[in-house]
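Contents: one structure, followed by commentary.
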Amino acid sequence: MRNHFAVRICVIFNPAARGDKARHFRRLLGDMAAGDCAFKATAAAGDARRLAAESVAEGFDLIVAAGGDGTVNEVLNGLGDAPNGFEKTRLGVLPLGTVNVLARELKIPAQPERAWEILRRGHEIKMDLPRVEFFANGKTERRYFIQLAGAGFDARAIELASWKLKRKIGPLAYVVAGLKALRERKPKITVRASGESAARGEARPANPVGENFSGELVLIGNGKFYGGSFSVFPGADLRDGRLDVCVFPKVNLPALLRYAPNFLFRRTLPEKLVGRIRAGKFELISETPAAFELDGEWAGHLPATFSVEREKLRVVAP
């Protein structure tokens, strides 16, 4: 444990954030401003990434993402933009979003006061750092994600969820977008993995390692949780150097009705209906346009190559 009085902390926060947790956070600002702590406000999408990279260059020891999973993802990529950012700086999380999947995974309290105290204590853990490479804007892009990714149905729903609708009805906007995506023709996504695999569901033949797995929805987990406290990746480990891949052969109304009882009441998936792979590197491809998302934010279109660096990321946690 570090001496927290010697730690330079930078907090990156969206001042337009709403809700009780955001209001509680604002009450903490006076205490946070005391000592060697800086506060940087965002004004537009992408600001958190830029501010995080600048903060690494300014010598901050701990950069805190105060917001939801999207804010955490931006700050994470800002650390990656800075030279040796992951070696120089640690990541902290103040969970102010609606879902806060990473905070749930790391058992960071939802109450800002308690989360802030954990950050001040400065207990550091190391966790795996997943990344994806894909082609966009005429060049190969690299993006990091911290908890989860998805391709196919869920990414398309995120793509269809308009900012205007999200401001109007909140999380229900994703339900509306999901219903729209459900009616569309879905691309077939193939997972090409090599070298390592894990248990597979019985929905289709248990292919040998190195062969392809295909479905209409592919979810990728660094940790166990997806969409809150749903244990979609029960075997995942934040430090094992591998990502867990869950493949849904079909996403239509009959399939959703078969998934729903387990998912809603047990917060798990019926294993006989899904396929699973565990690998340190794999590729997602599709013959027709297919979107993918990172940490709940739309990222781009396939093909994309996913990999992971073992225990590369330094995070402050309980």
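Worth saying up front: this structure is predicted, and the values here are computed from it rather than measured. Residues take their numbers from the sequence shown, with the count starting at 1.
In this structure, K186 contributes its side chain and L182 its backbone to a donor-acceptor pair below 3.5 Å. For T89 (side chain) and D61 (main-chain N/O), no donor-acceptor pair under 3.5 Å exists by modelled atom type. Checking side-chain atoms of E74 against main-chain N and O of G46 turns up a donor-acceptor pair under 3.5 Å. Not a single donor-acceptor pair under 3.5 Å links the side chain of N100 to the backbone N or O of G68. Side-chain atoms of D295 come within 3.5 Å of backbone atoms of L148 as a donor-acceptor pair (strictly under, hydrogens ignored). Remark: side-chain polar atoms of R90 are paired, donor with acceptor, to backbone N or O of G122 under 3.5 angstrom. Of the possible polar contacts, none joining the Q147 side chain to the V101 backbone as a donor-acceptor pair under 3.5 Å is found.
In this view, R239 satisfies the salt bridge (Lys or Arg N to Asp or Glu O under 4.0 Å) rule with no residue, not counting sequence neighbours. A search for salt bridge (Lys or Arg N to Asp or Glu O under 4.0 Å) contacts involving D128 returns nothing, not counting sequence neighbours. Listed by chain and residue number, L76, L79, L129, Y144, K312, L313 satisfy the side-chain contact (heavy atoms from CB on, under 4.5 Å) test with F86 (two or more places apart in sequence, or in another chain). Checked against side-chain contact (heavy atoms from CB on, under 4.5 Å), R114 has the following partners two or more places apart in sequence or in another chain: P109, Q111. Every side-chain contact (heavy atoms from CB on, under 4.5 Å) that E184 has, sequence neighbours left out, goes to R156, L160. A149 pairs by the side-chain contact (heavy atoms from CB on, under 4.5 Å) definition with F145, I220, L294, F306, not counting sequence neighbours. Here E58 pairs with K40 under the salt bridge (Lys or Arg N to Asp or Glu O under 4.0 Å) rule; sequence neighbours left out. Remark: E54 engages R50 in a salt bridge (Lys or Arg N to Asp or Glu O under 4.0 Å) (not counting sequence neighbours).
The minimum heavy-atom distance between P95 and I108, with the atom names listed, is CD-CG2, 4.0 Å. Considering every non-hydrogen atom in both A161 and A177, the closest pair reads N-CB, 3.7 Å. Of all the heavy atoms in A193 and A279, the pair that sits closest is CB-CB, 4.3 Å. Scanning all heavy atoms of the two residues, the minimum distance from F134 to P303 falls at CB-O, 3.6 Å. What you find for A52 and G78 is that their closest heavy atoms are CB-CA, 3.9 Å. In this structure, I158 and W298 approach most closely via the heavy-atom pair CG2-N, 3.5 Å.
With contacts defined as side-chain heavy-atom distances shorter than 4.5 Å, the pair F213/V218 does not qualify. In this structure, the side chains of I125 and H123 come closer than 4.5 Å at one or more pairs of heavy atoms. Contact annotation: the side chain of W116 approaches that of V11 to within less than 4.5 Å [non-hydrogen atoms, C-beta and beyond]. Side-chain contact between R121 and E117: present, with at least one pair of heavy atoms (C-beta onward) separated by less than 4.5 Å. You'll find the side chain of L238 reaches within 4.5 Å of the side chain of L106, heavy atoms only. When side chains are defined from C-beta on, L219 counts as touching F233, because their heavy atoms get closer than 4.5 Å. Two residues are said to be in side-chain contact when any heavy atoms from C-beta on lie closer than 4.5 Å; F292 and I189 fail this criterion. Between V232 and V274, the closest side-chain pair of non-hydrogen atoms is not below 4.5 Å.
Under the salt bridge (Lys or Arg N to Asp or Glu O under 4.0 Å) criterion, the residue pairs touching residues 213-232 are E216-K250, with sequence neighbours excluded. Applying the salt bridge (Lys or Arg N to Asp or Glu O under 4.0 Å) rule to pairs touching residues 142-153 yields E133-R142, sequence neighbours excluded.
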If you apply the rule side chain to side chain contact (heavy atoms under 4.5 Å, CB included), what do you find for F13 with L94, and how did you get there?
CA-CA 9 Å; F13 172 66; L94 264 171; over 6 Å; no

Please test M127 against L91 for side chain to side chain contact (heavy atoms under 4.5 Å, CB included), starting from the C-alpha separation and ending with a verdict.
CA-CA 11 Å; M127 58 181 284; L91 174 69; over 6 Å; no

Run the side chain to side chain contact (heavy atoms under 4.5 Å, CB included) check on H301 and E159 step by step: do they pass?
CA-CA 11 Å; H301 289 92; E159 190 176 23; 3.6 Å; yes

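Cluster note: I285 groups with no other residue, as no ILVMFWY side-chain heavy atom lies under 4.5 Å from it. Within the hydrophobic cluster formed by Ile, Leu, Val, Met, Phe, Trp and Tyr side chains joined at under 4.5 Å, directly or through other members, L253 is accompanied by L257.
With K188 as the partner, the side chain to side chain contact (heavy atoms under 4.5 Å, CB included) test is satisfied by one option alone out of P249, S214, S286: S214.
A salt bridge links D244 to R278: at least one charged side-chain nitrogen sits closer than 4.0 Å to a carboxylate oxygen.
Side-chain atoms of N77 and N73 form a donor-acceptor pair, as typed in the model, at a separation below 3.5 Å.
Atom-to-atom distance recorded for L102:CG and D69:CG is 7.0 Å, nearest 0.5 angstrom.
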